[in-house]
Asker: 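Below you'll find the structure I mean.
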Amino acid sequence: MSEQIILILDDDLNICEILKEILSSRYTTIVTTSASEALEKVKDSPVDLMLVDFNMPEMNGTEFISKAIAIQPDVASIIISGNRNINTAIDALHTGVYDFIQKPFMDISALHMVIENALVRRQLLIENRLYKQNLEEMVRQRTRELETKNQELHQSRNRIIGILSRAAEYKDYETGQHFQRVSEYSGIIAMGLDISDKEVGIIRQAAPVHDIGKIGIPEAILLKQGRLTDEEFEEMKQHCLFGEQIMKSGTFHPAQLIQSGDSQTEGTYSDELLETAARIAKSHHERVDGSGYPEGLKGDAIPLEARIVAVADVYDALGSSRSYKNAWSEDKCQDFIRQNSGILFDSNVVFAFFRNIDLILNIKESITEKGKTCSYIA
Ligand SMILES: [Fe+2]
Ligand SMILES: [Fe+2]
């Protein structure tokens, strides 16, 4: 450690000289009898410790010390006090002064001990502060890393959702445009409801995988021209449960995020996007009057996101050509949705749909592949 620097300030030159004599063998000393000159020295160079007389003509010792601390916050200070000022000097201890030394100096080793203790205490305080700063910086750094990881995880989930909806297109006659439109319609409807922007975004992202479960349906049923038999339709209904299972398989133990060992943790990782997608896949054919499938849920028992996708999905299917029917006119599609408000579809969802019908029509116009047919069966 480099030699420590002690500033000695006393308006009595004799005291200054005595202290310099005692301390200069161990420390570098700066000596002055003027408080204003001492402040200039504190401004000019680092000081570890100040020995300051209490009674001085320009300002008293505690006034000087508070001014010096404003310049060098880490500097330690000791008041030099005559007997007459002893109580005031002791009071100064409450204002951040480390200690006091009584004049005249009777015990040199005690003087050294007081100074040494003050320097050690100062060093500990500095180290403690640096440690806290370091710790805070480490926490900030770790938080930034976690945020980045979360973002990466979120982006990769989004990509997986996109890939899954593409996979569903390959297995089905549904066009990519159907999935895109259902996604956009669902987002627009969700916007018209009293839910947060974040939830709107999640519903919009999750909607395209509503039929992902069709991956598990035999092609003979999925690609059949014309209507399905009752048995085939029963099998077709299974796509809702298959879809739910596929999306739920994306949940995992948190420990798997960090390591692939045997670590077991209670509960599963919560991911709103995958969980929402699972609810949509399972319940997008439920109808508010209980006539839907797979569970025959009624009203609010059907998850809101599934009630939203139900309107978006049916509206789009009606307006598209199928292997067994031509596309319905726009008026007929809208009439069907309107007439089934509160019967097949949630009336609030239908209201939100019509409130933003201009946006819906814009999407319909902009995401349309002419001449392509779909095999919507529901
Ligand atoms: Fe479906
Ligand atoms: Fe669909």
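Each ligand, and each atom within it, is numbered from 1 in the order the structure gives.
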Asker: Would Ile363 and Ile188 satisfy side-chain contact (heavy atoms from CB on, under 4.5 Å), going step by step from the backbone distance to the final call?
Answerer: CA-CA 10 Å; Ile363 294 295; Ile188 291 166; 3.7 Å; yes

Asker: For His285 together with His210, are the ring centres under 6.0 Å from each other?
Answerer: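 No, they do not, as the ring centres are separated by 6.0 Å or more.
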
Asker: Only N/O/S atoms count here: what is the atom of Asp313 closest to the Fe ion (ligand 2) called?
Answerer: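 This residue's closest N, O or S atom turns out to be OD1.
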
Asker: Would you give the angle at the Fe ion (ligand 1) between His239 atom NE2 and Asp211 atom OD1, to the nearest 10°?
Answerer: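 Rounding to the nearest 10 degrees gives 90°.
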
Asker: How is the N/O/S atom of His178 that comes nearest to the Fe ion (ligand 2) named?
Answerer: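 So the atom name we want here is NE2.
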
Asker: When you measure from the Fe ion (ligand 2) to each N, O or S atom of His210, which atom gives the shortest distance?
Answerer: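 Minimum-distance N/O/S atom of His210 relative to the Fe ion (ligand 2) is NE2.
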
Asker: My understanding is that a hydrophobic cluster links ILVMFWY residues whose side chain heavy atoms are under 4.5 Å apart, including indirect links. Using that, what else belongs to the cluster containing Val288?
Answerer: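 Traced through the cluster, Val288 reaches Leu297, Ile302.
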
Asker: Under 4.5 Å between any side-chain heavy atoms of Glu184 and Ile367, yes or no?
Answerer: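 Result yes, sub-4.5 Å side-chain heavy-atom pair found.
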
Asker: With the Fe ion (ligand 1) at the centre, find the angle made by NE2 from His284 and NE2 from His285, to 10°.
Answerer: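 Once rounded, the angle between the two atoms at the Fe ion (ligand 1) is 90°.
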
Asker: Does Lys20 pair with Glu17 as a salt bridge, N-O distance under 4.0 Å?
Answerer: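 So Lys20 does not pair with Glu17 through a salt bridge.
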
